[in-house]
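Order of the sequence lines fixes the chain letters, A, B, ..., with proteins taken first and strands second; residue numbering starts at 1 for each chain.
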Amino acid sequence: MRLRGGFAATKPNRSEIMRDRIAAMIRSIPRGRVSTYGAIARAAGYAGASRYVAAVLRRSVGMPWQRVLGSGGEIKLRGDSAVEQRLRLEAEGVRFRGKRVDMKAHEWKFVRAGKRK
DNA sequence: AGGGTGACGATCA
DNA sequence: ATGATCGCCACCC
C-alpha cells in the first residue's frame, strides 16, 4: 500500500508487486480481445501462477474480467456469471466457436515481461 | 507447521 | 467431449 505525501510507506512485499503486475496486465487487454489466466501469469512474469490470476481478478474492481478465459478460450465461471461473461464478450464483438471463444481471432498477445524469481 | 480453497492447466481414461 | 488426478500458487485459518 502506498501512502500519500512521501512518507516512508511499508515496502511492498513480493505478493503485492505480483498482484499489481498481474492486475496491470489484465487492464491492458483491449476491448474485443481476450487472454487466459495462464498467459496473463506468464506475461506478468509469474509462469505457473494462473490460479492466483483468478484470485486477483476476483478481488479487484473495475477490471475487464470478461476478457479473461481459461486455456483454449474456455469460460471457467459457473452459472449466471458464465452467461454474463459470454454476453459481455459478444457485446464487444468477440466471436465464439461452440462453447469457446475463437482465440485464433481474438487472443491478445502481450509483450512478455522478463522472468522473475 | 499443517491442511483446505479456488474464475487454473496439462494429461489420461 | 467429459470427468478425475495431480501439480502449482498465494491465502486463510
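- The distance from the OH atom of A:Y46 to the CZ atom of A:R14 is 7.5 Å, given to the nearest 0.5 Å.
- Taking every heavy atom of both residues into account, A:A44 and A:I22 meet most closely at CB-CG1, 4.0 Å.
- Remark: A:G70, A:S71, A:K76, A:L77 in residues 70-86 of chain A come within less than 4.0 Å of DNA chain B through at least one heavy atom.
- No continuous path of hydrophobic side-chain contacts links A:V68 to A:V83 [ILVMFWY only; heavy atoms under 4.5 Å].
- Every salt bridge (Lys or Arg N to Asp or Glu O under 4.0 Å) that A:K109 has, sequence neighbours left out, goes to A:E107.
- Of all nucleotides in DNA chain B having an atom under 4.0 Å from a heavy atom of chain A, the first and last in 5' to 3' order are B:dG6 to B:dA10.
- Across A:H106, A:Q85, A:R100, A:K76, a single residue satisfies side-chain contact (heavy atoms from CB on, under 4.5 Å) together with A:L69, and that is A:Q85.
- The list of side chain to side chain donor-acceptor pair (under 3.5 Å) pairs with a residue in residues 88-98 of chain A, not counting sequence neighbours, reads A:Q66-A:E92, A:R67-A:E92, A:E84-A:R88, A:R86-A:E90.
- Between A:W108 and A:S28, the shortest heavy-atom distance links the atoms NE1-O, 4.0 Å.
- Near DNA chain C, meaning a heavy atom under 4.0 Å from it, residues 50-63 of chain A has A:R51, A:Y52 in order of number.
- Residue A:R100 is the one, among A:R100 and A:A49, whose nearest nucleotide of DNA chain C lies closer to the 5' end (criterion: closest heavy atom).
- A distance of 5.0 Å separates CD1 of A:I40 from CZ of A:F110, quoted to the nearest 0.5 Å.
- Counting only residues at least two apart or in different chains, side chain to side chain donor-acceptor pair (under 3.5 Å) contacts with residues 48-62 of chain A are absent.
- We find that CZ of A:R19 is positioned 11 Å from P of C:dC12, with the value rounded to whole Å.
- Listed here is the closest heavy atom pair of A:G70 and A:T36: O-CG2, 3.6 Å.
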